[in-house]
Amino acid sequence: MAPFRLFNTLSRTIEPFAPADGQTVRLYTCGPTVYNPAHLGNFRTFLFEDLMRRAIRLRGWQVEQVMNLTDVDDKIIVRAAQQGKTIREITEPVVEGFHADRRYLRIEDAEHYPRATAYIPEMIALVERLVANGVAYQAEDGSVYFAIGKFPTYGRLSRLDTREIQSGARVAQDDYAKENAQDFALWKAAKPEDEACGAAWDSPWGRGRPGWHLECSAMAMAILGETLDIHAGAVDLIFPHHEDEIAQSEAATGRPFARCWCHGEFLLTDGAKMAKRVGNVQNVADLRTNGVSGAAVRHFVFSTHYRKQLNLAAEALEGSIEAVRRLRDFADRLAVATGGTAALEDAADALETAVREAMADDLDAPAAVAALFEFVRAANRELDRGGREAGPLARAREVFALVDGVLDLIPAPVQADAELAAWVEERLAARREARARRDFGTADAIRDELTARGIAIEDAGGTTRWKVG
RNA sequence: GGCGCCGUGGCCAAGUGGUAAGGCGGCAGACUGCAAAUCUGCUAUUCGUCGGUUCGAUUCCGACCGGCGCCUCCA
């Protein structure tokens, strides 16, 4: 078996990967800041991480994943102040919406969804360690900062020159009294607006709240231990977020924070990064409204490798909707098939091999998707031939289910309510009768009638199948 | 300015030093009363442009053109 390989941002190369304990991959994935619904760009990253955990299990390992929910943050506080609410009142409905959207896209449940506000003691303890180690200091403004000058390997992950801020770079508004412009806040001294919305806690440095980077380090180490197997996120988190996580974690523990860093590329819209500040975001709610299934979104996202930018084009999404419809039809056909051929079994074997290799090859989803469609074509061909053997059919079902467990691209059938179903059956009976007496004008009129109600029919053998959509 | 990515058919998008996966769409055929679904064939002699290396490059090198990202709190 070929080694399982992942691209590690630390080395910028594809490396063999295995969990440190040989059994369970401890995976930390940066989750959403819950002040607004996550957009499709965010979800592209979460889909990449979903694929990762499924690929890990396909490989035979267990996975323990943490996805944090950042529920205390500048933007949340601003929103709370605007609406006269507490941060909890702002974040609670957004968290619920996040999970609903996530399920729509069939992103599996992580084992842990810790909220930053539930780990304040762990965060404070981490800051205390850093202060004790002499790499953090409290400034005149009361906030506690990490002194990057005390951490010699700062910048190793992002490979950025830390000595100078180049022209063209976005320049920080220096809100805080840092010793060095690049030092980052571990603990932010509370301001009146923080107190007003419940975003302040007691600490050895006075009332305050955690800095963003600190949240991840504290929660990751609290739940998964001091060295993670994989830490994942999107490329925009490489700097400063992950760089800072490494600094504060390793400066506290003296151990590597993560063995492998994986970063997904952006989803673009209209040729630009999808982002709220660009104003080109689309949400899962928009997709639902337009009838785009989660399966179709998965197909679209997995058509490109996770480390390559993907442009959200309406025409491509339409293509994914159609592609996934084909999978649905095939799945139905496979379910009711009564036998197969030797060639069907060969196709199934080829599919399993291709998908296992693709997933082990730095999560090569495009290759897996291509293999799946090659299988569908071959299998349809064999089913057309009407094989009778049970073994090959069972094998085809087994492998198809295995692959479905990784990619999860088959849309759920649209269920018709009982009333509609009864009506359809009545109309089909009338059509059957008309066809029997070769009154095709009436039969076609009935078909048009059904089509107008969104019912598609297929005459197959002696029977007629129908479905919604 | 620094670092990095990308440019493949109508659209999306794989890929390899030896002559272009897959999906959508389109065209033709089989099947069908007609459709639909499915299958079959066709749909890039060519991979941004110009050079170079090589027996041979889309794949390696260089330049140029074009697009994108990161460079302090953005997945």
Side-chain angles (χ1 to χ4, degrees), chain A residues 12 29-33 38-49 70 73-75 158-162 164-174 178 181-185 211-213 232-241 243-244 263-268 271-278 299-300 303-305 307-326 329-330 332-333 364-374 376-378 380-385 435 438-441 443-444 447 451 456-460 464-467:
Chain A
R12 306 286 157 115
T29 50
C30 287
T33 297
H39 60 252
L40 283 180
N42 301 313
F43 277 112
R44 184 193 182 189
T45 299
F46 303 146
L47 281 166
F48 137 62
E49 293 158 351
T70 296
D73 145 275
D74 291 358
K75 289 188 284 286
S158 57
R159 302 194 177 183
L160 289 174
D161 188 336
T162 60
E164 49 188 330
I165 295 175
Q166 305 285 356
S167 63
R170 277 184 279 146
V171 179
Q173 330 47 337
D174 202 12
K178 297 181 279 191
Q182 293 178 75
D183 288 352
F184 58 90
W212 178 41
H213 316 303
V235 288
D236 55 350
L237 296 187
I238 295 173
F239 188 88
H241 188 50
E243 196 71 74
D244 290 349
H263 294 95
E265 258 295 350
F266 290 132
L267 179 67
L268 311 181
K273 170 183 175 178
M274 183 181 283
K276 293 182 189 93
R277 73 157 69 95
V278 180
H299 174 91
F300 173 69
S303 68
T304 302
H305 188 84
R307 283 191 288 109
K308 195 169 173 186
Q309 292 178 350
L310 172 63
N311 193 33
L312 180 61
E315 204 174 345
L317 202 52
E318 290 297 319
S320 289
I321 292 169
E322 185 59 23
V324 129
R325 190 232 86 224
R326 218 176 135 212
D329 284 356
F330 174 74
D332 292 344
R333 189 179 187 194
D364 190 353
V369 172
L372 175 59
F373 279 91
E374 285 175 6
V376 168
R377 180 155 32 76
N380 268 139
R381 185 172 56 229
E382 295 312 309
L383 292 177
D384 280 351
R385 286 188 180 144
R435 292 181 76 204
R438 301 191 70 75
D439 177 2
F440 297 119
D444 291 351
R447 182 166 61 200
T451 303
I457 66 172
E458 295 172 23
D459 295 325
T464 298
R465 287 201 299 267
W466 65 275
K467 63 179 180 179

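Treat the numbers as computed from the prediction; the structure is a model and nothing was measured. Numbered from 1 within each chain, the chains take letters A, B, ... in sequence-line order.
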With the side chain of [X] defined as its heavy atoms from C-beta on, choose the nearest nucleotide among [options].
X	options	result
A:R438	B:A75, B:G33, B:A37	B:G33
A:R325	B:C70, B:A35, B:A37	B:A37
A:R447	B:A35, B:A75, B:U38	B:A35

Using the [atom1] atom as the point on both nucleotides, what is the distance between [M] and [N], in whole Å?
N	M	atom1	value
B:U19	B:G25	C1'	27 Å
B:G7	B:U58	C1'	12 Å
B:A44	B:G56	P	27 Å
B:U46	B:G69	P	33 Å
B:U40	B:G51	P	42 Å
B:G41	B:C34	C1'	23 Å
B:A20	B:U16	P	15 Å
B:A57	B:C70	P	38 Å

Of A:R435 and A:R465, the one whose closest RNA chain B nucleotide lies more 5': A:R435

In terms of the nearest nucleotide of RNA chain B, which residue is placed more toward the 5' end: A:G41 or A:R12? A:R12

When we call it a touch if two heavy atoms are under 4.0 Å apart, what does [X] touch: a base, just sugar-phosphate, or nothing?
X	answer
A:L267	base
A:L237	sugar-phosphate
A:H263	nothing
A:K75	sugar-phosphate

Taking the side chain as every heavy atom from C-beta outward, state whether [X] and [Y] have any pair of such atoms under 4.5 Å apart.
X	Y	value
A:K308	A:E265	no
A:M274	A:R44	no
A:L312	A:F300	yes

Atom pairs under 3.5 Å: protein N/O with N/O of nucleotides 7-9 of chain B:
none

Between [Y] and [X], is there a salt bridge with N-O shorter than 4.0 Å?
X	Y	value
A:R333	A:D329	no
A:D384	A:R381	no
A:R465	A:E458	yes
A:K467	A:D332	no
A:R377	A:E374	no

Euclidean distance, atom [atom1] of residue [X] to atom [atom2] of [N] [Å, nearest integer]:
X	N	atom1	atom2	value
A:D329	B:A37	CG	P	8 Å
A:F300	B:A13	CZ	P	7 Å
A:F239	B:C73	CZ	P	10 Å
A:R307	B:C6	CZ	P	9 Å
A:L268	B:G67	CG	P	14 Å
A:W466	B:A37	CH2	P	18 Å
A:D459	B:C34	CG	C1'	10 Å
A:L310	B:C11	CG	C1'	13 Å

Test for a donor-acceptor pair under 3.5 Å between the base of [N] and the side chain of [X], counting only N and O atoms.
X	N	value
A:R44	B:A75	no
A:N311	B:C11	no
A:D236	B:G69	no
A:R159	B:G4	no

By salt bridge (charged side-chain N to carboxylate O under 4.0 Å, His left out) - contacts of A:D459 (at least two apart): A:R431, A:R435

List the atom of [X], the atom of [Y], and the distance in Å for their closest heavy-atom pair.
X	Y	value
A:L237	A:C30	CD1-CB, 3.6 Å
A:T304	A:P366	C-CG, 3.5 Å
A:H213	A:H241	ND1-ND1, 2.8 Å

Let's test this: given Watson-Crick or G-U wobble pairing with both distances under 3.5 Å, identify the partner of [N].
N	result
B:C3	B:G69
B:U58	none
B:A30	B:U38
B:G25	B:U43
B:U49	B:A63

Parallel, tilted or perpendicular: which fits the ring planes of A:H299 and A:F373, with parallel below 30° and perpendicular above 60°? perpendicular

With a 4.0 Å limit, can you tell me whether A:N380 has a side-chain N or O closer than that to the phosphate oxygens OP1/OP2 of B:U38? no

Within the pair A:R381 and B:U40, is there a side-chain N or O less than 4.0 Å away from OP1 or OP2? yes

Report, one pair per line, the protein and nucleotides 22-31 of chain B atoms (nitrogen or oxygen only) whose separation is under 3.5 Å.
none

